[in-house]
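Below is one structure, written out as structure tokens; the observations come after it.
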Amino acid sequence: MTTASYTTDLRPLRDDDQPLYLALYTCPRVMARFGPPLDADRATRAFRKVMAHNRSDVPGHRTWAVVDTATGRALGIAALHREGGVAEAGIMLLPAAWDGRRSHAVMDRLVLHAFDVAGVERLIGVCLRGANERMSRRLLQPYGFAEEPPGRPGTVQRGLDRARWSVGRPLAIGRSDPAR
């Protein structure tokens, strides 16, 4: 899962990514987009669950590290949380990586993986109501995601069905290399 334009790789989350995971989930600035920050113990337990899902042979939740290829530094995580034929896509980046250059390239990979590899029927994106709505809409709209009733109170949800995506099949919104 390599993106060419922004020198960003996605690789499966590893045990040595625990400090990155904890830095994301305990950071008030990062978590302001998703919910209350976790304490270190709860974040550690969540990381263990993520790693168990990543090691499982059963299709389901998958989480990757977002890595800057020029430096090798992990900048955040990307995930698909799957429930049956529906997967929720998510991207969390460290504040130092909030430069607007990576999110579309990462989302390219998540959408392609969800529909072409994982075989999900529906992909959703969820954000908290408020200031993040505009950013979320700008990220998801080029792929054909449309606003729909939220599954959780206080959130905005956008969804994309496989059939709708397949018609226009918007590839490389983030100028990633769709062949990889």
Side-chain angles (χ1 to χ4, degrees), residues 1-13 24 30 33-35 46 49-67 75-93 97-98 100-180:
M1 288 187 132
T2 302
T3 56
S5 297
Y6 300 124
T7 64
T8 303
D9 272 345
L10 294 184
R11 62 158 170 75
L13 206 63
L24 290 164
V30 171
R33 302 171 185 308
F34 306 101
K49 284 183 182 180
V50 164
M51 294 306 296
H53 281 293
N54 270 10
R55 290 183 182 112
S56 173
D57 290 335
V58 178
H61 304 334
R62 293 293 182 255
T63 305
W64 298 269
V66 177
V67 179
L75 306 170
I77 61 174
L80 289 173
H81 290 195
R82 184 175 183 165
E83 297 294 330
V86 178
E88 180 179 337
I91 302 170
M92 295 176 86
L93 298 174
W98 292 353
R101 296 182 304 132
R102 295 174 178 87
S103 295
H104 280 289
V106 172
M107 188 56 70
D108 282 349
R109 292 296 172 224
L110 291 179
V111 170
L112 288 170
H113 184 83
F115 290 130
D116 287 351
V117 178
V120 301
E121 291 302 316
R122 212 160 158 276
L123 191 57
I124 62 171
V126 178
C127 74
L128 289 178
R129 283 212 173 278
N132 300 311
E133 290 179 53
R134 183 173 149 242
M135 183 178 8
S136 175
R137 183 177 55 252
R138 287 178 60 195
L139 176 61
L140 299 176
Q141 198 168 29
Y143 300 92
F145 282 81
E147 193 163 337
E148 57 189 35
R152 296 186 292 259
T155 64
V156 174
Q157 181 170 308
R158 290 175 178 79
L160 178 62
D161 292 326
R162 170 194 287 282
R164 183 172 176 204
W165 176 76
S166 294
V167 171
R169 198 161 171 96
L171 290 176
I173 301 297
R175 292 178 295 269
S176 62
D177 177 6
R180 299 196 85 207

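As a basis for the values below, the full set of heavy atoms in this structure was taken, side chains included, without hydrogen atoms, waters or symmetry mates.
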Taking every non-hydrogen atom, the tightest pair across Phe145 and Arg164
C-NH1, 4.5 Å
Look up atom CD in Glu147 and atom OG in Ser136, then write down how far apart they are to the nearest 0.5 Å.
9.0 Å
For the residue pair Val50 and His61, establish whether any side-chain heavy-atom pair is separated by less than 4.5 Å.
no
Donor-acceptor pair, distance only, cut-off 3.5 Å: does the side chain of Trp98 make one with the backbone of Leu93?
yes
Distance, nearest 0.5 Å, that separates SG of Cys127 from CZ of Arg158:
5.5 Å
Is the backbone of His53 close enough, under 3.5 Å, to the side chain of Arg62 for a donor and an acceptor to pair up by distance?
yes
pair Val66-Leu10: side-chain heavy atoms closer than 4.5 Å
yes
Could you pull out the closest heavy-atom pair between His104 and Pro142, with the gap in Å?
CE1-CG, 4.0 Å
Look up atom CZ in Arg138 and atom CD in Glu133, then write down how far apart they are to the nearest 0.5 Å.
14.5 Å
Check the pair Leu128, Phe34 against side chain to side chain contact (heavy atoms under 4.5 Å, CB included), reporting the backbone distance first and the verdict last.
CA-CA 6 Å; Leu128 289 178; Phe34 306 101; 5.5 Å; no
Can you check whether Trp165 reaches Leu123 side chain to side chain, under 4.5 Å on heavy atoms?
no
Solution key, residues 79-92 side-chain donor-acceptor pairs under 3.5 Å, sequence neighbours excluded:
residue: Arg82; atom: NE; partner: Gly84; partner atom: O; Å: 2.6
residue: Arg82; atom: NH1; partner: Ala118; partner atom: O; Å: 2.7
residue: Arg82; atom: NH2; partner: Gly84; partner atom: O; Å: 3.4
residue: Glu88; atom: OE1; partner: Arg152; partner atom: NH1; Å: 3.4
residue: Glu88; atom: OE2; partner: Arg152; partner atom: NH2; Å: 3.4

Quick one: CZ on Arg122 to CZ on Arg162, what's the gap to the nearest 0.5 Å?
13.0 Å
Quick one: closest heavy-atom pair of Tyr143 and Val111, and the distance?
CD2-CG2, 4.0 Å
Judged by atom type as modelled, is there a donor-acceptor pair below 3.5 Å linking the side chain of Asn54 to the main-chain atoms of Thr63?
yes
Rounded to the nearest 0.5 Å, what separation is found between the CH2 atom of Trp64 and the CZ atom of Arg109?
11.5 Å
